[in-house]
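All residue numbers in this chain count up from 1 along the given sequence. In listed order, ligands and their atoms are each counted from 1.
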Amino acid sequence: MRAEVAVMTEEKLDIRSLERAGQILQKGGLVAFPTETVYGLGGNALDPEASRKIYGAKGRPSDNPLIIHIAEMEALKRIVKSVPEKAQILAEQCWPGPLTMIFEKAECVPCETTGGLSSVAVRMPGNKIALELIRQAGGYVAAPSANTSGRPSPTLAAHVIEDLGDKIEMIIDGGMTDIGLESTIVDFTEEIPTILRPGYLNQQMLSQIIGEVRIDPGILAADSQTRPKAPGMRYKHYAPKADLMVVEGKMEAVVQEINRLSKLRAAEGKRVGIICTDETYDRYEQGIKKSIGTRTSEESIAMHLYQVLRAFDEEEVDEIYSEAFDTPRMGQAIMNRLLKAAGHEIIEA
Ligand code: TXA
Ligand code: MG
């Protein structure tokens, strides 16, 4: 199978292609589509067979649950047991947007979609292509990130084609995704709403709307004793082919340390990759350098993180050194993904 690729923008939807994509989903097939976070691999969420196909195409363990994407607020009530008041408020303020909420599931949601759990994750994505596709598909689209399990999430249709181009029916190319990191997940089955995965919406922004919000201790811990609650956060999400190390400290010290280490490795005959920023790019004397964005914009760093990690898989490097990004707002989300990719290997400069 070779996926049909339909190119469009949010400003100019190609309704005929979206109708066709909706029909593929209604018949149990798979369609990848852009959201504002990353590309998703969609299947009909209420069809257990479609969920099985999703796990198969991604090579994903079947105990790692999928997020159900909806396009209308009314759709939420049909797939969950009840909606707590605070969740209702968050939905009204943040949807469509990069927020996933977890509830007790209703009967109609198959266990295949929830990885066997009695809870279900739901999100209304903030992308017009995604919303129209969900409507055309009948309202409930299960969609994990559209990457092969263990690779960085796709922020471009080209990444989806690379990983899944011969495994699914259709790919909708809506250009580069806006945010570039997966949605914030908030668990409402806990007494106090709990962040299971950090994202663009951070703890402070959420608690300004609904009061106390906790962070799952499992996602901050570097040790393996504290297990994250979201099954997907337990896996070493993505390991680059080369060893990745994150260098922390004052900017000047970080640059010096990375330069020192790269020289050492080069002398050993190793090829080194460096993940830096526009501000520091010219300061590195050797190695294959890639700027992730500018330190003046957290958005640019988030947007390019997965793309840069993927690009290094194409390069023949033995080791990658990355600057740390202590970006105040999205920093937690960015460092969470980067440290997972690095297997929590940190060097203090
Ligand atoms: O931004 C996003 O959320 C993207 C786009 C495509 O919408 N989707 C995405 O899906 O990141 P995925 O499958 O790659 O990640 C879903 C995460 C996993 O870590 C999974 O374990 C967790 O959500 N999850 C899903 N349902 C859950 C549940 N009922 N309880 C706990 N964790 C859950
Ligand atoms: Mg994923």
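Within a 6.0 Å radius of CZ in R265, more than 12 heavy atoms belonging to other residues, nucleotides or ligands are found. Counting non-hydrogen atoms of neighbouring residues, nucleotides and ligands closer than 6.0 angstrom, the CD atom of Q204 reaches no more than 12 such neighbours. Residue E191 qualifies as open at atom CD: its count of foreign heavy atoms under 6.0 Å is 12 or below. Enclosure of atom CD in E316 is not indicated, since only 12 or fewer non-hydrogen atoms of other residues, nucleotides or ligands lie within 6.0 angstrom.
Close approach of ligand 1 to I67 is summarised as follows: ligand atoms under 4.0 Å from at least one heavy atom of the residue are 3 (O), 8 (N), 9 (C), 10 (O), 16 (C). The G40 neighbourhood of ligand 1 comprises atoms 6 (C), with distances under 4.0 Å to a heavy atom of that residue. With ligand atoms numbered from 1 in the order given, ligand 1 contributes 25 (C), 26 (N) to contacts under 4.0 Å with heavy atoms of A121. The ligand atoms of ligand 1 that sit less than 4.0 angstrom from a heavy atom of S119 are 28 (C), 29 (N), 30 (N). Residue L117 has at least one heavy-atom neighbour below 4.0 Å for each of these atoms of ligand 1: 28 (C), 29 (N), 30 (N). Listed by atom number, the atoms of ligand 1 under 4.0 Å from T37 heavy atoms are 1 (O), 2 (C), 4 (C), 5 (C). Listed by number with element, the atoms of ligand 1 under 4.0 Å from a non-hydrogen atom of N64 are 18 (C), 20 (C), 21 (O).
Polar contact check, H69 against ligand 1: a nitrogen or oxygen pair lies under 3.5 Å apart. Remark: ligand 1 and R197 share an N or O pair separated by less than 3.5 Å (distance only, no angle test). Checked by distance only, ligand 1 and E182 stay at 3.5 Å or farther apart across all their nitrogen or oxygen atoms.
Note: K290 NZ to Q307 CD = 10.0 Å, rounded to the nearest 0.5 Å.
The cluster map of Ile, Leu, Val, Met, Phe, Trp and Tyr, joined by side-chain heavy atoms under 4.5 Å apart, puts L244 and F312 in the same cluster. Connection of M330 to V246 is established within a shared hydrophobic cluster, with ILVMFWY side chains joined at heavy-atom distances below 4.5 Å, either directly or through further cluster members. I67 and I54 fall into different hydrophobic clusters, where Ile, Leu, Val, Met, Phe, Trp and Tyr side chains are chained together by heavy-atom contacts under 4.5 Å.
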Between side-chain atoms of residues 155-162 and protein atoms elsewhere (two or more places apart, or another chain), which donor-acceptor pairs fall under 3.5 Å?
unit_1: H159; atom_1: ND1; unit_2: T155; atom_2: N; d: 3.1
unit_1: H159; atom_1: ND1; unit_2: L156; atom_2: N; d: 3.4
unit_1: E162; atom_1: OE1; unit_2: R151; atom_2: NH1; d: 3.1
unit_1: E162; atom_1: OE1; unit_2: R310; atom_2: NH1; d: 2.9

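In this structure, A143 counts as a contact residue of ligand 1, since one of its heavy atoms falls inside 4.0 Å of the ligand.
When non-hydrogen atoms are compared, ligand 1 lies under 4.0 Å from the backbone of S183 as well as from its side chain. Looking at R60 against ligand 1, only its side chain comes within 4.0 Å, counting heavy atoms. Heavy atoms of I185 found under 4.0 angstrom from ligand 1 belong exclusively to the side chain.
Distances from the Mg ion (ligand 2) show that S145 has an N/O/S atom below 2.8 Å.
Using the six-membered ring where Trp is involved, F103 and F188 have ring planes that are parallel, under 30° apart on the 30 and 60° scheme.
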